[in-house]
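Below is one structure, written out as structure tokens, with a few remarks after it.
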Amino acid sequence: MPDALAAAYDVLLLDLDGVVYIGGTAIPGAPEALTKAKENGAHLGYVTNNASRTPAAVAALLNGMGAPATAADIVTSAQAAARLLSDKLPPKSKVLVIGALALRLAIRERGLIPVSSAAENPQAVVQGYSPGINYGGFAEGGLAVRAGALFVGTNADSTIPSARGTAPGNGSLLQVIEHATGVKPQIAGKPEPPLHRESIIRTGARRPLVIGDRLDTDIEAAYNADTDSLLVLTGVDGPRSVVLAPPHQRPTYIAETLDALLAPYPQVDRTDDGASCAGWTATAPTTENGTLTLTGDGTAIDGLRALAAAAWAAHDQQAPLTAIRAPDLTTLRDCGLISRMPAHQMSRQAPLCCCLSSCCR
């Protein structure tokens, strides 16, 4: 491993919400870490399922937080959806757009013609999140899809964060037309391949590192693309989720914050009966009804790295597991792991004492 984790990759593909900011407010230390990484030679790319902002608007938002970015560094699900459509349709095909201006601009950028009415006989319908979506848009889209138009969604996130709590996301809104027509949309955003492909094309990455806070989008997208990934514990998924992660949602690396990019990643040694990292040792159970044990001391995140590696090995070697249990996270919490997370996430981190079986995922 080189002096810094970031130095092992030619491009860092970063998610935004939960990684760089939360609800429009910078995560403490994130802009500084990214600035330092860039100064050290890292190529930064920002990859988002959000189709409601243009790349220029996203770059301006990041710059306002102190994070280095230009419009060329931003890759959105709107761009991925537009390329997906342009690969399937002749040039200048009409596409009925349900969503924000950013999505219409992305469609036009790919040589397609955005329209708003099914009466214009569009060859496709594309839907992305916008707070201004109304029944009229759904009705026109439904009519077009029922008439045979290709149906594409920018992303399938069921929810989005808002200042007032969790609100319905594009994945939930897509179900209006799907339910009315019986046609499932093709999805461009994470964890599906089109957005990752768009990121590779636009950044020129050959050995990228995908960085995110969600196992079911960011990390699964990296898995689908056979790409290394880093989970940071500043957003949606925390210690409990990562220890219980199924194979297709397991990150290559685990870190509390983006500061991990600036330092060497510690070695995690796997053995027949568990794993160790720095001063911690996690031991797998010897029976189906046994319990994973974690002993040692040191930096809390190293304990989580050892525990996750041992839990994953136990799951893989003893599957199907029905009663393997993991210890709670009291030791790591006492070392400060959870207290350094955003306040909104504290309620998610119940003691880790869950069955490592399919019913717990």
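All heavy atoms count here, side chains included; hydrogens, waters and symmetry mates do not. This structure is a prediction, so every number in the text was calculated from the model and none was measured.
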Any donor-acceptor pair under 3.5 Å from [X] side chain to [Y] backbone:
X    : Y    : value
S241 : P239 : no
T234 : G18  : yes
N63  : A67  : yes
Q249 : E220 : no
T299 : D302 : no
T252 : S229 : yes

When rounded to the nearest 0.5 angstrom, what is the spacing between [atom1] in [X] and [atom2] in [Y]?
X    : Y    : atom1 : atom2 : answer
T257 : L233 : OG1   : CG    : 9.0 Å
D228 : L13  : CG    : CG    : 11.5 Å
T76  : L105 : OG1   : CG    : 10.5 Å
L5   : D259 : CG    : CG    : 12.0 Å
E256 : L231 : CD    : CG    : 11.5 Å
F151 : L174 : CZ    : CG    : 5.0 Å

What are the two closest heavy atoms between [X] and [Y], and how far apart are they?
X    : Y    : answer
V125 : A149 : CG2-CB, 4.1 Å
A51  : A100 : O-CB, 4.4 Å
A306 : A275 : O-CB, 3.7 Å
S77  : G189 : CB-CA, 4.2 Å
P122 : S117 : CD-O, 3.8 Å
P185 : G153 : CB-N, 4.0 Å

Spell out, yes or no, whether [X] and [Y] are grouped together once hydrophobic residues are joined by side-chain heavy atoms under 4.5 Å, including indirect joins.
X    : Y    : result
V11  : I74  : no
M65  : V232 : yes
L62  : V75  : no
L173 : V183 : yes
F138 : I187 : yes

Answer yes if the side chains of R305 and Y265 hold a donor-acceptor pair under 3.5 Å, and no otherwise.
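A pair is found: one side chain offers a donor N or O, the other an acceptor, under 3.5 Å apart.
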
Side-chain donor-acceptor contact under 3.5 Å, N49 with D157:
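Checked: N49/D157 side chains pair up, N/O donor to acceptor below 3.5 Å.
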
4.5 Å side-chain heavy-atom contact, [X] and [Y]:
X    : Y    : value
V47  : L14  : no
I177 : I98  : yes
H196 : P193 : no
P55  : Q79  : yes
L244 : V242 : no
L261 : L230 : yes
V243 : L304 : yes
P251 : L215 : yes

Test question: given the 4.5 Å side-chain rule for I, L, V, M, F, W and Y, name all other residues clustered with L89, or answer none.
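Cluster partners of L89: L84, L85, V95, V97, L103, I107, L112, V126, L150, V152.
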
Run through the side-chain heavy atoms of Ile, Leu, Val, Met, Phe, Trp and Tyr, join any pair under 4.5 Å, and report what else lands in L143's cluster.
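Its cluster mates, by chain and number: none.
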
Pair up each side-chain donor or acceptor in residues 198-205 with any protein partner under 3.5 Å, not counting sequence neighbours, and list the distances.
from: E198; atom 1: OE1; to: R83; atom 2: NE; distance (Å): 2.4
from: E198; atom 1: OE2; to: R83; atom 2: NE; distance (Å): 3.4
from: E198; atom 1: OE2; to: R83; atom 2: NH2; distance (Å): 3.3
from: E198; atom 1: OE2; to: R202; atom 2: NE; distance (Å): 2.6
from: E198; atom 1: OE2; to: R202; atom 2: NH2; distance (Å): 3.2
from: S199; atom 1: OG; to: L195; atom 2: O; distance (Å): 2.9
from: R202; atom 1: NH2; to: E109; atom 2: OE1; distance (Å): 2.9
from: T203; atom 1: OG1; to: S199; atom 2: O; distance (Å): 2.7
from: T203; atom 1: OG1; to: A205; atom 2: N; distance (Å): 3.3

With a 3.5 Å cut-off and sequence neighbours excluded, list the donor-acceptor pairs that the side chains of residues 19-45 form with protein atoms.
from: T35; atom 1: OG1; to: P31; atom 2: O; distance (Å): 2.9
from: T35; atom 1: OG1; to: G66; atom 2: O; distance (Å): 3.4
from: N40; atom 1: ND2; to: K36; atom 2: O; distance (Å): 3.4

Show me the pairs that pass side-chain hydrogen bond (donor to acceptor under 3.5 Å, both in side chains) and involve residues 118-136, at least two apart or across chains.
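Checked against side-chain hydrogen bond (donor to acceptor under 3.5 Å, both in side chains) - neighbours excluded - the pairs reaching residues 118-136 are S93-Q123.
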
Check residues 206-214 and write down every donor-acceptor pair under 3.5 Å in which the side-chain atom is one partner and the other belongs to a residue at least two apart or another chain.
from: R207; atom 1: NE; to: A8; atom 2: O; distance (Å): 3.0
from: D213; atom 1: OD2; to: V236; atom 2: N; distance (Å): 2.8
from: R214; atom 1: NE; to: D216; atom 2: OD1; distance (Å): 3.2
from: R214; atom 1: NH2; to: D216; atom 2: OD2; distance (Å): 3.3

With salt bridge (charged side-chain N to carboxylate O under 4.0 Å, His left out) as the rule and sequence neighbours excluded, what pairs involving residues 4-17 come up?
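Residue pairs with at least one partner in residues 4-17: D15-K190.
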
How would you list all residue pairs meeting salt bridge (charged side-chain N to carboxylate O under 4.0 Å, His left out) that involve residues 44-63, not counting sequence neighbours?
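The answer is none; no pair qualifies.
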
If the condition is salt bridge (Lys or Arg N to Asp or Glu O under 4.0 Å), which residues does [X] pass it with, not counting sequence neighbours?
X    : value
D87  : R197
K88  : none
E178 : K184

Please evaluate residues W280 and T295 with respect to the criterion side-chain contact (heavy atoms from CB on, under 4.5 Å), reporting the C-alpha separation (whole Å), side-chain torsions for both, the decisive distance (0.1 Å), and the verdict.
CA-CA 6 Å; W280 299 93; T295 58; over 6 Å; no

Please identify each residue that fulfils side-chain hydrogen bond (donor to acceptor under 3.5 Å, both in side chains) with S158, with sequence neighbours left out.
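Testing S158 for side-chain hydrogen bond (donor to acceptor under 3.5 Å, both in side chains), a comparison that skips the adjacent residues, returns none.
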
